[in-house]
Each structure stands twice: as structure tokens, then as C-alpha cells.
A.B. asks: 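Before I ask anything, let me first share the structure, which is written out below as C-alpha cells.
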Amino acid sequence: MAQHTSSTLAEMMQQGAERATGEAGVAIDGLGTLARVLEMKETASRLEATALQLRSDTFNLMVMGRFKNGKSTLLNALLGGTTQPVDLAGHQGPMIVDDLPATATLTGVRYADEPYIKAWSFEGKSESWPLDRYLRESTLDIDEQESERRFRHIREFEMGFPARLCKAGVVVYDSPGLDEHPTRTKVTQEATQRCDAAVLVYRSDVLMGQNELMNASDLVREGTRIFTVVNLFHARPADDRLMGFVWNRYVRDQLGGPAWAGQDLASRDIYFVDAERARRGVYGDDPELVEASGLAELERRLGDFLLRDRHHVHLKRYTTQATHLAQAVDQHIDQRVKAARTDQTRLREAYAGMLPTLSAIRSRPAKLPALFARYRAEAEAALTTSLTARTATMRDGLADHVEGVEVNLGKMLGVIQQKKAAATISEAVQQYITDSLSGWADAEAQDLLAPLLKHLADDIEVEIVAIGREFDALHLELTGWEVAPGGKPLVGTTERVLAAVAGFALGGLGGAVAGGAAGWRGAAGGAGAALGAAVVLGMLGVSPAAPIVIPAVLAASLLGSMGGGSFNLEKRLKRRAVEDADAGLRDLPVQLGPQLTERVRAGFEELENLVTQEITAVIEEEENNIRSMVEENQRDQHERDQALTRLGEAKTTVAGHLVQLQKALTTAQQV
């Protein structure tokens, strides 16, 4: 009986969601048609895209998190409940997991009775892969050049998999983060813009950095449903000390909630999961281990959300976007009405007088390259100086680190044991360098970039505000139109548009996932973490996947120092390791300088192009609007009266569509 009741409830909720989506879709279609009639091409295109995304019958759930936080391990555990057995060739889950970075590019998992893989190219073509090939070849190579060769044509993978989590129309995305390759970083960010909810994964031993929290708080402020997962590394228990830290760090300090007093963290959708234990429990058919790992509680909450709330979350996102665009259409109608009622001679003379001003506004985007170049140079200099300092620190601490490495040389020093000792020392050196660089990326580099990018955002906002004010002044001069109290000026629309671009380009999740409603500042808030990781680990070309000191090479060098016999062999091995590694570290800043400069330049140029295109598009649409108003004003009185009638009808239509959008949202809340 309980199963039947649940099924009936799900059907009722699905029917209600479909009804609400249909109502909202009709309203957005109507707004798009009206925008086309009014020759608001950019606004019409955005409305059409919004309607398409609204009608998508899938719910996109993105698993996100900082580099090596355990996203793929957690996702394997979540996907482990399948409707039928799947041969994974010995792997515990369809997502590749390794101690080195493994996720090469975005993978979207959707339900299919039989597993399949499609590798989608940047040209929109797909190639079918058998599952065993994906399991073998979808991971990053230890050689970054080889990874580039293998994956440069692959935009993303589409996986069909019989996961119960996906059966109800849920597509789950496994993301490589924003730190592997600039092109695939862009693909990940585009997918982020399509996601309806997110699972943000932190790791307990490097817990909740400031930029990670800024991303999360931006999302929460916009009503995006976030499930926070603290991945318990090294069997760390979720004790009161850890729970109190997470609550105060996230709920109190970031979300403005109360201080820790023993509250239930699940009330804020915060869960503690040992992802590795969860994966072992799922694939070892050990329900007790699954429960003990914390996964079962997370699965119950996700299941409840997907049954009861997902349709409302999806609908709210796109009706909110459509509402903002509808306000822009309504404002444009008011401006045209005012123009149609203005004295023809006065308006014609005013328009002729403002042509030089329009020309000046049109040229404003030409100022942006100099602005971006200045901040790019500051970023290059700051990162180069910081990397040099970090390299010096690494060199200072290298000898002590190597001294503490245990090689366990026995009394019988055979060749095999000597090779093993050399490999142990070389791997320890490599890990030391990798961890130091990763720590630099997660801390100093982000701390340098975050305020710099914030200042860049502030300066660009000054330009946006200036453009909006100039257009508002032109409308006032042309027709006497001005922004009504409580109304939305042009700058408000412009800021929302550019905030979405900032979220896309910089990786600020608040701007990207919320569709830009947080504003330009909100979108840029988490930029330091995203660009910091991208520049330092992926864009720079230095990561655990592309190590500076290859263990095998260093090990071969160490073997050459064994000729003196067994006397003091361990000391000689360690001394040689320090000498060789120090020589490489000494030249590291010089060797990486050109790569750093090129990668930072590429990142800033991509952002510059996106922002310039958006500003130019907004200016062109507004200039066309003014030109259309003038042409309409110069017609005879009868045609002007007809135009006023049509505009009045259009305004009524917009109001009706806005009511319909709100009704659809209310319907979704009730089901």
C-alpha cells in the first residue's frame, strides 16, 4: 500500500508540474513573440532560450567541488543502485577514480537500461564508445601533452547507465572542476548554467576555504537548492567538534544564521559522508557500511527532494529569468508610448542633437581592452612573485621533508630493494612538490586573485552604470521619459545580463547557476577560487597529472648514486634526491614564467571578449529602440494613434504574461 501511495503522489506531482510548466511556457513564448514584434532581438533570443530550458524534461544535478575533493568517488556511490547488473570490469562505479587527477572532461549520466557512451565533439558530432573503452581511456594521462592529444576534440561525454537516481529524468554531471584545461573549463561552466541543483563536495582535511564558501553563499542567496557534503577523509569521524566547525563556518559566518548549539545539520542540507567507505559498501553489497558511511541519509534526502521539490526549483529558475526579461519589455513599451506622444518637431531636433552622444556610447566598449590589460598585467606580476616565493619555501623545506621519509632499508641490500628505496624517495619528493604547489593554488594564489578580480568587476560596473545613465539621460531629453519610482532602469537589466557572463567566465557559481540575478558583484564574488585554480593547476600546466619531477626519472638518477655500496646508502640516496630536486626547483619560476603569462593572458582575453560582446549587444539593442521610436513618432497622426493602441495592447499582454508566470510558480509550490 505504501508503495502504491508513493507512486500515486509522484504521478500527481508530475501532472501538477507539467501543468505549471505548460502555463509558464505559454507566457514565455508570448513574451518572446512580443519582443520580436517590438524588434528587441536580444531580449527575444533570451526569452526563446529560457522557454527551451524550461521545457527540458530533465533535471540537471551537478556534483561540484574543489580539485580532488572526492566528487567522482561520491558519485560512484550514488550511482551504485542500478536497476540491473552492470559489468564495470572490476571498477567500483562508472566514474574513474585515482590518486592522481582522473576526470578528463564533463560527463553527464542519464538513465538507460543498457549502458552506452557517446563522446561529443565541439562540432556537435558524437562517437559511440563501448563502456569498457570509457573505463580505460576517459581518464587523464600522466603526460599533459598526451591528455591534450586524446581529449582536445571531446567536448563532453554522455553516459547512459541504469542508475535508479537517474530513472526519473535526472541527469547527473560529474565535473572535472575548473582546473584542467581552459576549453573544457568553459564546457563545465556552460553546464553549470544549465544545472537546477548542486551537490557541493568539501573535504574534511582541507575544509571550506573562503572562496568555496563564497560560491556556496551566492547560490543559497538566490534560492538555488544546495546539498552540502563534507567528505570524511582518512576515516575522520563526524564528531561534535567537526560539526560545530562546519556549522559556524558555513551557516553562521556565510549565511548569517545562529551559532552552533547542537543543531541538526541536515536541517540545512549538510551531510557528512565517507565517500570511499560508501563506495565500498555499495559495491560490496554491505548495507551496514553504507549506513555507517553517511551515504544512506544523503540518499534519502535527495530522493525526497527529487520527488517533492525538484519541479518547483526548475520552474522557479526559468520563470524568474523570464520575469526579468518581461520587465525590460514593459520598460521599452513605456518609452515608445512616451515617444509617440511627444511633439514631432521637438523629438526630431532632440534626436539630431544626440547623435554624437550615441556615437560616443557606441565607442565605450573600446575602453575595455586597456582595462583588462592592466589587471592582466597585475595578475601576471602578482602570481609570478608569489610562485617565486613559494618555490623558495619549498627549497628550504625539502631537506627536512626528505629526511623524514621512511625507506626501511634492511640488512640485505639486494638490487630490487635498492630500486624500491630509490622509488620511495623519489615519489616522496614528487608528492612534496605537488602538495606544495596545490597548497599554493588553494591559498596564496586565490588570495592574490580574489581582490584583483573584485576590483576589475568594480571598474567594469562603473562602465555599465555610466552607459545606463547615459541612455536614461537620452530618453529624458528625447521624450521626458524617466525611470518610475521602484522601476527597473536600463542599468538594472544590463547588470543582470553581465552578471550571467561574469558567472560563466569567472566560474562564480552564484552568477552562473542563478542566471545572473545576484548581480555583477555576486557573480564575481567567487572568481578568485575558480581562476586561481585554473591558472595555477590546469592553465599553468602544472598539476599532479603533469608533475615537475617525474618519479621514474628521479629514481633512475638515484640508482646511479648506489655505486658506493651499502655504506650510508640511505643518506646518500636522500642527499642526491635533495640535490637533484633543488636544481629543478631553482629554475622553476623562470621555466614556468612563459606558461604562466600565456595562460593568464588567455583567461583574461576570453573574459574580455565575452564582456565586450554583451555590452555591445545591449548598446546596439537600445540604440535600435531609440531609432524605432523616432521613426514611429514621425508618422502621421492616424498611424501614431494606431501605434499607441498596439502599444497599449502590448503592455496589457505583458502584464497578463507576468500574472501567468506567477500563477505557474504558485501552482508548482502547491503540488
Side-chain angles (χ1 to χ4, degrees), residues 17-62 169 171 189-198 219 222-225 310-333 488 490 492-504 509-520 522-523 610 613-614 617-618 621 650 653-669:
E18 290 175 354
R19 184 172 66 253
T21 299
E23 293 170 353
V26 169
I28 298 173
D29 287 341
L31 288 166
T33 300
L34 186 57
R36 288 285 179 196
V37 171
L38 295 171
E39 298 182 345
M40 301 178 68
K41 295 180 181 179
E42 288 294 322
T43 301
S45 296
R46 295 181 186 280
L47 283 162
E48 290 162 4
T50 300
L52 184 64
Q53 291 166 326
L54 172 69
R55 290 190 171 100
S56 171
D57 60 355
T58 59
F59 184 89
N60 296 318
L61 178 67
M62 179 79 79
V171 177
Q189 291 163 339
E190 286 176 338
T192 300
Q193 291 181 292
R194 302 194 304 266
C195 85
D196 297 292
L219 290 171
E222 294 308 318
T224 303
R225 184 59 59 90
R310 76 173 203 180
H311 300 297
H312 173 241
V313 169
H314 183 82
L315 185 63
K316 180 179 180 181
R317 179 182 179 191
Y318 296 112
T319 54
T320 300
Q321 289 184 9
T323 298
H324 290 155
L325 293 166
Q327 291 167 347
V329 175
D330 190 63
Q331 173 181 284
H332 175 67
I333 292 171
K488 297 286 185 180
L490 171 68
T493 302
T494 307
E495 188 199 23
R496 285 194 299 273
V497 169
L498 294 179
V501 177
F504 167 75
L509 301 181
V513 177
W520 173 267
L610 286 165
Q613 289 170 11
E614 288 295 327
V618 170
E621 179 168 274
T653 300
V654 171
H657 289 323
L658 283 169
V659 170
Q660 199 169 0
L661 288 173
Q662 185 57 50
K663 179 183 175 183
L665 196 56
T666 302
T667 300
Q669 290 172 326

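Numbering of residues begins at 1 and proceeds along the displayed sequence. Everything quoted here is computed from the prediction, not taken from an experiment.
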A.B. asks: Is a donor on one side and an acceptor on the other found under 3.5 Å between the side chain of Glu621 and the backbone of Thr43?
C.D. replies: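 Judged by distance alone, yes, a pair lies under 3.5 Å.
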A.B. asks: Taking all atoms of both residues into account, what is the closest heavy-atom pair of Ala35 and Val329, and its distance?
C.D. replies: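 So the minimum-distance heavy-atom pair works out to CB-CG2, 4.4 Å.
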A.B. asks: What closest approach, in Å, do Leu661 and Ala322 show between heavy atoms, and which atom pair accounts for it?
C.D. replies: CD1-CB, 4.0 Å
A.B. asks: Return each pair, listed once, that meets salt bridge (Lys or Arg N to Asp or Glu O under 4.0 Å) where at least one residue sits in residues 21-33; pairs must be two or more places apart or across chains.
C.D. replies: Asp29-Arg55
A.B. asks: Starting at CD of Gln321, measure out to CG of Leu54 and round the result to the nearest 0.5 Å.
C.D. replies: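 Nearest 0.5 Å value for the CD-CG distance: 10.0 Å.
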A.B. asks: Among residues at least two apart in sequence or on other chains, which ones pass side chain to side chain donor-acceptor pair (under 3.5 Å) with Thr319?
C.D. replies: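 Side chain to side chain donor-acceptor pair (under 3.5 Å) check on Thr319 returns nothing, list empty.
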A.B. asks: For the residue pair Leu658 and Ala326, what are the closest heavy atoms and their distance?
C.D. replies: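 In terms of heavy atoms, the two residues are closest at CD2-CB, 3.6 Å.
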A.B. asks: Just so I know, are the side chains of Leu325 and Leu31 near enough to count as touching, which here means a heavy-atom distance under 4.5 Å?
C.D. replies: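 Contact flag for Leu325/Leu31 side chains = no.
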A.B. asks: If every non-hydrogen atom of Gln660 is compared with every non-hydrogen atom of Ala27, which pair is closest and at what distance?
C.D. replies: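 Result for this residue pair: OE1-CB, 3.8 Å.
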A.B. asks: When rounded to the nearest 0.5 angstrom, what is the spacing between CG in Leu52 and CG in Leu47?
C.D. replies: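 With rounding to 0.5 Å, CG (Leu52) is 12.5 Å from CG (Leu47).
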A.B. asks: Per the salt bridge (Lys or Arg N to Asp or Glu O under 4.0 Å) rule, what does the pair list look like for residues 31-43, sequence neighbours excluded?
C.D. replies: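 Salt bridge (Lys or Arg N to Asp or Glu O under 4.0 Å) check on residues 31-43 returns Arg36-Glu48.
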A.B. asks: How close do Ala198 and Leu61 get, counting heavy atoms only, and between which atoms?
C.D. replies: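 Minimum heavy-atom contact is N-CD1, 4.1 Å.
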